[in-house]
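Below is one structure; the comments refer to it alone.
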Amino acid sequence: WGPNYLQLGMEYSSAAGSDTLFGLAASYLSTAINPLGGEWRATLVIGDEPALVADLYHPMGPKGLYFYAPSLNLESTQFNVYVGDDRVTEAQLGEATLEFAVGRELPTWGEYRFGVRAARGSFNLRVGDPSFISEDQFRRGEFFSRFSIDTMDSVAFPGEGPSASIEWRASRDRPFEADANFDQLLMAASYAKTWGRHTVLTTMRYDATISGNSPNSRLFRMGGFFDISGINRNQLSGQYATRLGTAYYRRIGDLALFPAFAGVSLELGNVWDSREDISAPDSIFGGSFWAGVDTPIGPVYVGYGRAEGGEDAFYVSLGRVF
């Protein structure tokens with residue numbers, strides 16, 4: 001009950017040939033903490049990739065359109081290294097990130113923000129060849145700016161509207177004492193259109209290290225359901241990542257009063273270590289058949305994906321994948 005809210009959730013994903021991920025989450029949101037509508041949130045995740053996140057959103061100005069937003073993120077994620085189809089190294093990436101941003105809301109459709117991030121972390125080798133992890137511990141400090149728009153009508157099964165973001169991040173040894181100097185550009189866009197029960201969703205992703213070389217902790221990763229379906233989750237990593245995708249799905253009715261969908265997806269993309277190597281012939285083609293239900297605890301998907309070269313996987317996922 002507002003102005004305070006408690007949200008409970010669960011995340012589950014499993015694919016043939018890759019690790020199963022499971023997590024339980026609880027999030028507490030306190031709204032209207034000041035006359036301009038400030039809010040703070042705390043989120044706890046336990047499971048294979050535990051996390052603790054705390055963030056504050058504080059509007060400023062006579063209309064509350066400007067804001068500042070500090071956040072703290074403590075997380076541990078799986079980090080696997082593949083050579084071809086073989087997983088040669090398994091590690092756990094632990095990281096603590098402190099961020100402070102200022103920005104402006106663009107009412108009903110977007111925002112822009114600028115800020116700084118500082119992170120400290122380490123890799124904990126579980127099994128495999130340690131030579132594929134170039135850093136046991138790392139320090140990262142970044143300036144960043146991001147512009148985003150979002151008028152999609154649903155985060156689970158979008159039916160109408162666009163969503164897009166562009167972010168520039170710059171890692172510097174001064175004043176942050178970061179381990180590496182590099183600049184990265186991240187762009188993503190999606191657009192959904194529905195005719196009756198039929199929906200087409202198109203997606204685009206382009207990530208680039210535009211100067212310097214990013215360390216392992218900031219490599220772009222790709223692979224998994226709707227992200228070159230058929231290959232393992234985050235199997236591919238590099239300084240550049242590009243993907244084009246499209247999905248068609250149809251509302252086939254209701255399952256226990258919840259909307260149910262069935263669809264197909266096609267994706268074309270890859271990662272590279274040099275911009276000159278980016279090319280369509282060197283991209284990987286993947287696709288999937290899937291069905292999903294929009295439930296109160298989140299969207300549930302089951303599907304089968306197959307990628308160029310014969311790699312395939314069955315998927316069961318609870319949580320947003322688009």
Side-chain angles (χ1 to χ4, degrees), residues 13 15 18 21 49 75 77-85 87-89 91 93 95 97 117 119 123 132-135 138 140 142 144-148 163-171 180-191 201-247 265-288 305-309 311 313 315 320-322:
S13 64
S18 66
L21 295 178
E49 295 188 331
E75 62 179 346
T77 58
Q78 295 184 7
F79 185 91
N80 299 321
V81 180
Y82 290 82
V83 175
D85 299 334
R87 183 167 53 186
V88 296
T89 299
L93 170 60
E95 187 171 6
T97 304
R117 298 188 187 106
F123 290 90
F132 287 96
I133 299 178
S134 60
E135 49 191 343
F138 61 88
R140 189 171 67 247
E142 301 171 348
F144 74 93
S145 62
R146 182 170 66 244
F147 173 72
S148 58
S163 174
S165 67
I166 179 170
E167 177 176 330
W168 165 77
R169 60 169 72 135
S171 175
N181 291 332
F182 59 89
D183 292 82
Q184 292 182 322
L185 180 68
L186 298 84
M187 296 189 295
S190 304
Y191 181 76
L201 174 69
T202 57
T203 62
M204 181 277 291
R205 171 187 174 188
Y206 176 74
D207 301 325
T209 303
I210 55 179
S211 70
N213 286 289
S214 64
N216 280 337
S217 60
R218 268 306 197 218
L219 289 176
F220 301 117
R221 306 182 71 80
M222 181 180 295
F225 199 24
F226 294 114
D227 197 28
I228 312 299
S229 301
I231 66 176
N232 291 311
R233 176 177 175 269
N234 290 334
Q235 178 174 333
L236 309 174
S237 61
Q239 302 288 338
Y240 295 82
T242 301
R243 189 198 70 240
L244 296 175
T246 185
S265 73
L266 299 174
E267 306 99 30
L268 180 68
N270 205 347
V271 301
W272 297 268
D273 286 324
S274 172
R275 185 174 61 182
E276 289 73 20
D277 295 334
I278 300 176
S279 65
D282 195 32
S283 298
I284 300 172
F285 181 76
S288 68
R306 188 174 182 86
E308 185 178 352
E311 296 182 82
Y315 299 97
R320 181 183 179 185
V321 298
F322 287 110

CG of D183 to CG of N181, rounded to nearest 0.5 Å, is 8.5 Å
From the list D273, D207, T209, side chain to side chain donor-acceptor pair (under 3.5 Å) partner of Q239 resolves to T209
Test item: side-chain donor near acceptor, E267 and S265, under 3.5 Å: yes
Looking only at heavy atoms, the pair that brings S214 and L219 closest together is OG-CD2, 3.7 Å
**OP:** State whether the side chain of Y315 and the backbone N or O of G230 hold a donor-acceptor pair below 3.5 Å, judged by distance alone.
**Re:** yes
TODO: Mark yes or no for whether T89, through its side chain, and V81, through its backbone, hold a donor-acceptor pair below 3.5 Å.
DONE: no
When every non-hydrogen atom of S283 is compared with those of N270, the smallest separation belongs to CA-CB, 4.0 Å
Rounding to 0.5 Å, atoms CZ (F285) and CG (L266) come to a distance of 4.5 Å
Closest heavy-atom pair, G305 versus S229, reported as atoms and distance to 0.1 Å, is CA-CB, 4.0 Å
- Message: When you measure from the centre of the six-membered ring of F79, is the NZ or CZ of R221 closer than 6.0 Å and no more than 45° off the axis?
- Response: yes
Exercise. Is the cationic atom of R117 (NZ for Lys, CZ for Arg) positioned less than 6.0 Å from the six-membered ring centroid of F144 and within 45 degrees of its normal?
Worked result: yes
Side-chain contact, heavy-atom cut-off 4.5 Å: Y82 with S237?
no
Take Y240 and D277 through the side-chain contact (heavy atoms from CB on, under 4.5 Å) test and state the conclusion after the steps. CA-CA 10 Å; Y240 295 82; D277 295 334; over 6 Å; no
- Would you indicate whether the side-chain heavy atoms of R218 and S171 approach each other to under 4.5 Å? no
Practice problem: Could you walk me through whether F123 and S217 pass side-chain contact (heavy atoms from CB on, under 4.5 Å), step by step? | Solution: CA-CA 9 Å; F123 290 90; S217 60; 4.3 Å; yes
message = side-chain contact (heavy atoms from CB on, under 4.5 Å) for F138 and E95? Distances and angles first, verdict last.
response = CA-CA 9 Å; F138 61 88; E95 187 171 6; 4.0 Å; yes
key: Any donor-acceptor N/O pair, E49 side chain to Q78 backbone, under 3.5 Å   = yes
>> Could you go through N80 and N234, starting from their C-alpha distance and side-chain angles, then the distance that decides it, and tell me whether this counts as side-chain contact (heavy atoms from CB on, under 4.5 Å)?
In response: CA-CA 8 Å; N80 299 321; N234 290 334; over 6 Å; no
When rounded to the nearest 0.5 Å, the distance separating OG of S145 from CZ of R169 is 11.0 Å
Taken to the nearest 0.5 Å, the spacing of L236 CG from I228 CD1 works out to 7.5 Å
Rounded to the nearest 0.5 angstrom, the CZ-CE distance for R205 and M222 is 4.0 Å
When rounded to the nearest 0.5 Å, the distance separating CG of N216 from CG of L93 is 9.5 Å
